Amino acid sequence: MSLFSKLLPAGLRGFVRRQALRGDTVHCPICDQGAIAYLPSGSPPRPHVLCPFCGSRERARMAWLFLKERKVLRAGLRVLHVAPERCLREKLTVLPGVKYTAGDKFTPGYDYPSGTIDLDITAMPFADGSFDLILCSHVLEHVPDDHTAMKELHRVLAPGGMAILMVPIAMDRAVTDEDPTVVDPQERIRRFGQFDHVRQYGRDYNDRLRAAGFTVVEDALAERLSPEQVFCYGLLRSEVVHAGLKSIKAGS
Ligand SMILES: [Zn+2]
């Protein structure tokens with residue numbers, strides 16, 4: 001154990017480390033703080049990923065920029081946050097008058113923030129049109145019956161509402177690759193990119209969202225920013241925002 005670790009309690013050590021990372025090389029759009037760098041993260045670790053202050057990653061920062069640009073965030077918003085990212089939760093729960101619901105599919109051995117409910121997105125206990133904004137990013141690639149999940153997400157979204165439904169997409173693949181008989185973790189990594197993914201989405205992802213009733217917005221947000229902004233906000237050019245809208249005419 002280093003002298004630094006011996007002398008300072010854990011909470012204070014974290015504080016000192018964060019202070020040492022303050023700077024103006026990068027600027028996190030979620031927590032609005034400047035740092036000398038984003039920290040490496042992942043397995044194997046990738047550089048330039050994690051905000052040292054709010055813990056955000058590239059895709060959360062992109063989703064947040066998209067929501068701000070579209071002026072979605074407002075007082076009194078009814079929000080459903082599936083598999084909630086802590087950094088976004090902290091920003092959403094302080095919106096004035098917000099009605100915030102967080103849900104996750106509980107897995108034994110994992111901890112969930114207090115207030116999070118055990119939620120199966122293929123059968124949700126909410127009335128039609130309950131939410132103005134749904135955040136459900138990097139979730140559908142884990143769900144065996146994603147068509148039912150998409151229809152449920154559309155059902156509980158209010159007419160005029162928006163659902164952020166980002167997933168990993170292989171743009172070189174026209175058609176989604178899925179096979180429910182593939183359960184071996186190594187084979188899933190090889191075919192779908194991660195041990196607990198049940199498919200690899202292709203360019204037909206938007207068609208799948210439309211089949212569930214959504215009007216699709218696809219925004220390669222990083223393509224519209226300068227290289228300096230992409231670096232400063234810590235975004236991935238390969239990441240695209242996919243949002244599903246529910247038209248007002250569609251009713252519930
Ligand atoms: Zn941050």
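Everything numeric in this text was worked out from a predicted model, so none of it was measured. Below, each value reflects all heavy atoms present in this structure, side chains not excepted, and no hydrogens, waters or symmetry copies. Numbering starts at 1 and runs along the sequence shown. In each ligand, atom 1 is the first atom listed, and ligand 1 is the first ligand listed.
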Beyond-backbone contact of Y38 with V26, side-chain heavy atoms, under 4.5 angstrom = yes

Are there more than 12 heavy atoms of other residues, nucleotides or ligands under 6.0 Å from atom CG of D24?
-> no

Using a 4.5 Å cut-off on heavy atoms from C-beta on, say whether the side chain of H27 contacts that of D32.
-> yes

Under 6.0 Å from the CZ atom of F66, do we count more than 12 heavy atoms belonging to anything else shown?
-> yes

Note on the Zn ion (ligand 1): protein N/O/S atoms within less than 2.8 Å are C28 SG, C31 SG, C51 SG, C54 SG

Does the separation of the ring centres of H242 and Y205 fall below 6.0 angstrom?
-> yes

Q194 side chain near P168 side chain, heavy-atom distance below 4.5 Å | no

